[in-house]
> 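Once you've had a glance at the structure underneath, I'll fire off some questions.
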Amino acid sequence: MPFELPQLDYSHDALAPHIDKRTMEIHHGKHHAGYTAKLNAAVEGTDLEAKSIDELMTSLDMSNGALRNNGGGFYNHSLFWKVMSPNGGGQPSGGLADAINRDFGSFDSFKDAFSKAAATQFGSGWAWLCVQESGKLEVCATPNQDNPVMPGVGCGGRPILGIDVWEHAYYLNYQNRRPDYIEAFFNVVSWEEVQKRFEN
Ligand code: MN
């Protein structure tokens, strides 16, 4: 089994009240665990077994549904847990803050663009903040478990922040109020982690 469900850096209740304990238990312990198991099944016995998740994503055959959905699910959730923290919230500083101001005008304008991408993604998917080859920051969204690292999804660059807008990410606590969940997400964003990913 090449892929293992990553442990959380915090307890299931650590992000409450913004993200509730039960949602975290099911989201990490059932959904992410499920993507991990199905990803392992998809690569088992093939020459893909030796590849890293990054290699699998960048070289993905988009017609391979099992790998696209479950590899994407594994990659996306692994990023998602890391960019949140009980000590999160506030605003970025340093080079990331400068880049946000340069490319969006202000932190509030960035937050509006990101929140809008997340709120208007029809059905299930993700919204992302990505760094382009040129260093420019861009916001975009992808359906289902697609992500910007996959070829040809029309949303490129290296993702440094992502929000899961599948109903399983928020429905227990927020029901149909996705915008409230998106607003609450900003209270747990680990800008320290996003900054680290920006610099890399
Ligand atoms: Mn999810």
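Note that the structure is a prediction, hence the values are computed from the model and not measured. For ligands, and for the atoms within them, numbers begin at 1 and follow the listed sequence.
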> If you link ILVMFWY side chains whenever their heavy atoms are less than 4.5 Å apart, which other residues fall into the same cluster as I26? By chain and number, please.
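In the cluster with I26 are L172.
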
> So L161 and F114, do their side chains get closer than 4.5 Å, heavy atoms only?
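They are in contact (side-chain heavy atoms under 4.5 Å apart), so the answer is yes.
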
> Please indicate how many protein N/O/S atoms are found closer than 2.8 Å to the Mn ion (ligand 1), with waters neither displayed nor included.
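Every protein N, O or S atom under 2.8 Å from the Mn ion (ligand 1) counted, the figure is 4.
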
> Mark yes or no for whether N101, through its side chain, and A97, through its backbone, hold a donor-acceptor pair below 3.5 Å.
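Here the side-chain-to-backbone pair exists.
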
> Does a side-chain N-to-carboxylate-O contact under 4.0 Å join R158 and D54?
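D54 and R158: salt-bridged.
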
> Could you tell me whether K196 and E192 have a side-chain N and a carboxylate O separated by less than 4.0 Å?
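Salt bridge between K196 and E192, a charged N being under 4.0 Å from a carboxylate O: no.
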
> When you measure from the side chain of T46 to the backbone of V43, do you find a donor-acceptor pair of N or O atoms at a distance under 3.5 Å?
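Yes; at least one donor-acceptor contact below 3.5 Å.
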
